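Right, one structure below, let's go through it.
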Amino acid sequence: MAAGGVADGDQRWLVECLTATLDTARDVRAFAEESLRQASLLPGYGAALTKVTINKEIPFGLRQLAAVLLKQFIKQHWQEDEDNFVPPVVSASEKVVIRQLLLTSLDDSHGKIRTAISMAVAAIGQQDWPEDWPELLPLLLKLISDQNNGNGVRGALRCLALLSDDLDDTCIPKLVPELFPSLYRIISSPHLYENSLRAKALAIVHSCISMLGSMSGVYKRDTSSLMSSMLDPLIEQFSLILNSPVQSQNPDDWSMQMEVLKCLLQLVQNFPGLPEAKISAILPSLWQTFVSSFKIYHLSSIQGLEELDSINYDSDGSERSLESFEIQLFELWTTIVGNSRLGKVIGGNIKELAYYTIAFQQITEEQVQRWSRDANQYVADEDDVTYSCRVSGSLLLEEIVTAYEDYGINSILEASKMRFHESQESKQAGSADWWRLHEASLFALGSLSEQLCEAQDLLEQMLTDIMVTGVHQYPFLHARAFSIVAKFSSVISKEVSEQYLSYAARAIASDVPSPVKVGACRALAQLLPESDQDLIQPNVMGILSSLVDLLRQASDETLHLVLETLQSAIKSGGEQSTLIEPIISPIILDVWAQHISDPFISIDAIEVLEAIKNAPGCLQPLVSRILPTIGSILGKPKIQPDGLVAGSLDLLTMVLKNAPTVVVKAVFDTCFVSTVQIVLESEDHGEMQNATECLAAFISGGREELLVWSGEQGRTLKMLLDAASRLLDPALESSVSLFVGSFVLQLILQMPSHLSPYIPDLIAAIVRRMQTSSIAGLKSSLIVIIARLVHLSVPNVDQFINLLLSIPAQGNDNSLAYIMSVWSQLQGEIQGAYQIKVTTTALALLISTRHPELSKIEVQGHLIKTSTGITTRSKARVAPDQWTKIPLPAKIFSLLADTLAEIQEQIGGGSDDECEEDSDWEEVQNGNTSIADDIIYSASVPSNANPSVEHLNAMAKVFDEDEDDSYDNDLTKNDPLNEFF
């Protein structure tokens, strides 16, 4: 119906219901809301809502309420396969009515109604366009071309902006030539269109450039042609817009500049081959924006002389603040610097770029106030790399170092020196803000990482000058100095390090501002392990005492830092370690218990207890202190507070880690049965996961001796097998079984002869668990078990294959077919050096048998590309991914070849030069062929031969280079395979 039409019967009823929902009487409101809910399930409800929304004769408030309900209706009832779908689905005939009504009202005179209609049109368009709604774009183009209908232009632009993210490669080549002239006319006509409309048009241009960029890899010639036709007029307008200096922090004054920056970023990122002259032409205007915006940023944010407006957001949810504008600028400069061609253009101005960047990195007045009030926020902002000019500036400086190497480093050093001297001049002139530039100069030097060795003199001068300034007047300057000392302790001279170590020890014991104590903790955490024991020993007990005092005052983020520092101090205790346990352990156990529901703090506390455990003479007293309490908790798990049982199991696992047998036996006597019972009876996922890890630690530490500790023959093994059976139960939620792989692997490694009779049942249970799991990590861990069984079957691997053939697997010919299908898909996702080594070499052992059944199995090959270009929602619904099928031996050879190429790359060290890629492949083919020969030999030996693990040695040993110190590695480090690989 027309926008001004008379309300029909459905509309009148709906208006009465909407009015009643605003009634002050609760029962009237409830009845009206229930009536609307029931009506939403009936045909015609969506059309009636649409008619009310667009009817200008109905009061505005009711129209707006109808628009909100319409948006919800579309979200829930329009498309059946959407996550939020609620039946019934809107009929095709009603969809036609709703679409037609909405399109006729995009030029509504009321801004909020027009926005609501635009959003409804966009929501439908994202589902139906272009297949079911081809007339949408032509009408929108018609509206934005009508200069006499300003409201229509606004409504159409709003729709296009919302739809632009859903544009695909089939419509962009046709759309851009038609759309760009209209958008350009709006952008280039400040006398006809207000800045908000011009900014919206620029936002749509940004989306088009972004989509063209994503298409450029497939349609390079077409996208280049489209961009070339747009580039010259766009660059001209971009320059004009950026030439206008930023004059205030009001987003309305620089909204167009913001959109231009986004467009330029897409151009540089997605079209690196564009002529340098095109982008170079805009660099002076970009620099003008950079410099002029700093003046406003310095006054309003750094000095805080102008009252800051509250942060607001645009209609798309993006933050509109001066800081977000500056961050966008930094992202663009970072991308330009990282572009090899454009980087050369601005190479002569890098020092100036670094010079202004350091100025932007000064602490703002708002940060001073916030961090002074809340030390936790200071720690969080420092650790979490928050969204700020300081962080964005650091990213730019890091990119400068990467792109320009020594020249970049020297430019940053020179800029830092200049800013440092400026801070000293400001100090002498009596400025209260002199410290900000000094702090920013130190902060900037943090971007240089290990390259800072060339700046030792400058750095030490800056650090030494801080020592004589007042800590209470300039707390953030002192905090930054501590952080820099912690980060670059290897660069700073021993004398300065020792000065700051002593200063940090005094600071944590003194009445100084919280940020200074935070910095002092950072310095101590880093310096204590590196310092001479003769210097530390006289002070370590005092440091520990001060840190314990801080524990009592700390909370949240600062507690984490104090615990980390305490851990370093304990590790540096040396001969005094025997005095540590009775003083520190009760306090840390109290912290652990108080924060048991906080996984981060409780883990930090356990790590401190582990440091105590590893200190000479502390293990036995710590275990004696912990065991009675933990034993009583695990003995009655159902009456404990939430999280305490799971946390206690974590603590127990730490105690068992690398413990001597006598300690493992003591823990076994107190807690083993309770731990097994938790696995068998608990319904809590965290408890079961942690109990599983704890059982793996029991087996790793007790080995075969563990089976006789209970006294009753076979009892312990039965309990372990019962636990494995529950964890492999296919009805159990997959996340509960996440660590069953490590547990079963320990059974295989430590008790192979005792487990041997149960192998067929174990494999059957593993297959059933894999078939019901949707978690790739769980499947991968179970594949590692199968792979380890392959190794155990040497030299009779063919017999193991026959065993798999004899075990059924639902929906598959046998377990071998199912396992190899999953294994071949997930091999590339398996994580961990040990796991990769075991599974890769097991594949080689399998194929070396040349078992005839292997070639009968077909597994997933490569993805079949059914259509070109970008996959939209509608395309994905019509054509889901399809894969080829290839024989299993071919897939295994492909996986082994991928591994071989990776090993060859690691051996060769890789190359950053793209032109050397082909030569890398030549090295694989023509270079050192010993590894390849081993694999080929393994695949060609007769099936009755003994395939020696020596043939796999070269393949496997490469993975050990990346082995870390994770607990999983502690469990597997005693695997006999490690003696060969």
Side-chain angles (χ1 to χ4, degrees), residues 1-128 151 155 158-159 162 310 312-313 315-317 642:
M1 65 178 285
V6 179
D8 57 24
D10 287 343
Q11 287 186 67
R12 285 193 294 271
W13 178 87
L14 191 53
V15 168
E16 290 174 0
C17 269
L18 293 173
T19 303
T21 62
L22 305 175
D23 198 284
T24 56
R26 180 181 297 179
D27 56 342
V28 174
R29 290 200 310 273
F31 181 78
E33 289 167 358
E34 177 59 21
S35 297
L36 288 172
R37 188 193 68 78
Q38 293 182 12
S40 69
L41 305 178
L42 300 176
Y45 176 73
L49 278 176
T50 307
K51 292 175 183 178
V52 172
T53 300
I54 68 174
N55 193 336
K56 296 180 180 179
E57 296 181 357
I58 294 174
F60 165 73
L62 296 179
R63 294 178 67 195
Q64 192 173 31
L65 180 55
V68 172
L69 293 176
L70 177 62
K71 182 180 177 182
Q72 182 181 18
F73 175 81
I74 293 170
K75 186 177 183 180
Q76 293 181 341
H77 299 285
W78 201 267
Q79 190 70 42
E80 287 185 280
D81 56 1
E82 287 295 298
D83 293 338
N84 299 311
F85 175 72
V86 176
V89 68
V90 186
S91 68
S93 58
E94 187 175 357
K95 285 183 178 182
V96 172
V97 172
I98 293 173
R99 290 193 295 247
Q100 289 176 345
L101 289 172
L102 289 173
L103 280 182
T104 62
S105 303
L106 274 172
D107 60 350
D108 194 281
S109 58
H110 204 295
K112 291 185 177 180
I113 298 296
R114 186 173 60 247
T115 296
I117 293 172
S118 298
M119 294 178 73
V121 170
I124 296 171
Q126 287 168 351
Q127 299 293 343
D128 292 0
N151 290 330
R158 179 71 177 142
C159 272
L162 291 169
S310 59
N312 57 63
Y313 299 86
S315 56
D316 298 320
D642 289 346

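Please read these numbers as outputs of a predicted model, since none were measured by experiment. The first residue of the sequence shown is numbered 1, and numbering continues consecutively from there.
- Rounding to the nearest 0.5 Å places CD1 of Ile124 at 11.5 Å from CD of Gln79.
- Taking a cutoff of 4.0 Å between a charged side-chain nitrogen and a carboxylate oxygen, Arg114 and Asp107 do not qualify as a salt bridge.
- For the pair Thr21 (side chain) and Glu33 (backbone), a donor-acceptor distance under 3.5 Å is absent.
- Contact check for Glu82 versus Gln76: no side-chain heavy atoms found under the 4.5 Å cut-off.
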Output, in order, the C-alpha distance, side-chain angles, deciding distance and verdict of side chain to side chain contact (heavy atoms under 4.5 Å, CB included) for Leu22 and Leu62.
-> CA-CA 10 Å; Leu22 305 175; Leu62 296 179; 4.1 Å; yes
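- Considering only heavy atoms from C-beta on, Leu18 comes within 4.5 Å of Leu36 through its side chain.
- Arg37 contributes atom CZ, which lies 4.0 Å from atom CD of Glu34 (distance to the nearest 0.5 angstrom).
- At a threshold of 4.5 Å between non-hydrogen side-chain atoms, the residues Ile58 and Arg63 count as touching.
- Within a 6.0 Å radius of CG in Asp23, other residues, nucleotides and ligands contribute more than 12 heavy atoms.
- Summarising the geometry of Asp128 relative to Arg99, their closest heavy-atom pair is OD2-NH1, 2.6 Å, with the distance given to 0.1 Å.
- Atoms CD1 and NZ, from Ile117 and Lys112 in turn, are 14.5 Å apart once rounded to the nearest 0.5 Å.
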Verdict with supporting geometry, Leu102 and Leu106, side chain to side chain contact (heavy atoms under 4.5 Å, CB included) = CA-CA 7 Å; Leu102 289 173; Leu106 274 172; over 6 Å; no
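- Aromatic ring orientation, His110 versus Phe60: parallel (interplanar angle below 30°, classes split at 30° and 60°).
- In terms of heavy atoms, Thr53 sits closest to Ile113 at O-CG2, 3.8 Å.
- No side-chain heavy atom of Asn151 sits less than 4.5 Å from a side-chain heavy atom of Asp108.
- The distance from the CZ atom of Phe85 to the CH2 atom of Trp78 is 12.5 Å, given to the nearest 0.5 Å.
- Of all non-hydrogen atoms in Pro88 and Leu41, the two that sit nearest each other are CG-O, 3.6 Å.
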Evaluate the side chain to side chain contact (heavy atoms under 4.5 Å, CB included) criterion for residues Leu69 and Tyr45: first the C-alpha distance (whole Å), next the side-chain angles of each, then the deciding distance (0.1 Å), finally the verdict.
-> CA-CA 10 Å; Leu69 293 176; Tyr45 176 73; 4.1 Å; yes
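- Between atom NZ of residue Lys71 and atom CD1 of residue Ile74 there is a gap of 9.5 Å, rounded to the nearest 0.5 Å.
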Step by step, work out the side chain to side chain contact (heavy atoms under 4.5 Å, CB included) result for Val89 and His77.
-> CA-CA 5 Å; Val89 68; His77 299 285; over 6 Å; no
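- Nearest heavy-atom pair, Leu101 versus Thr50, reported as atom, atom and distance to 0.1 Å: CB-CG2, 3.6 Å.
- The existence of a salt bridge linking Lys75 and Asp83 is excluded, since no basic side-chain nitrogen approaches an acidic carboxylate oxygen closer than 4.0 Å.
- In this structure, OG in Ser109 is found 4.5 Å from NZ in Lys56, a value given to the nearest 0.5 Å.
- Shown here for Lys95 and Val90, the closest heavy-atom pair between the two residues is CE-O, 3.6 Å.
- Residues Ser35 and Cys17 come closest through the heavy atom pair CB-SG, 4.0 Å.
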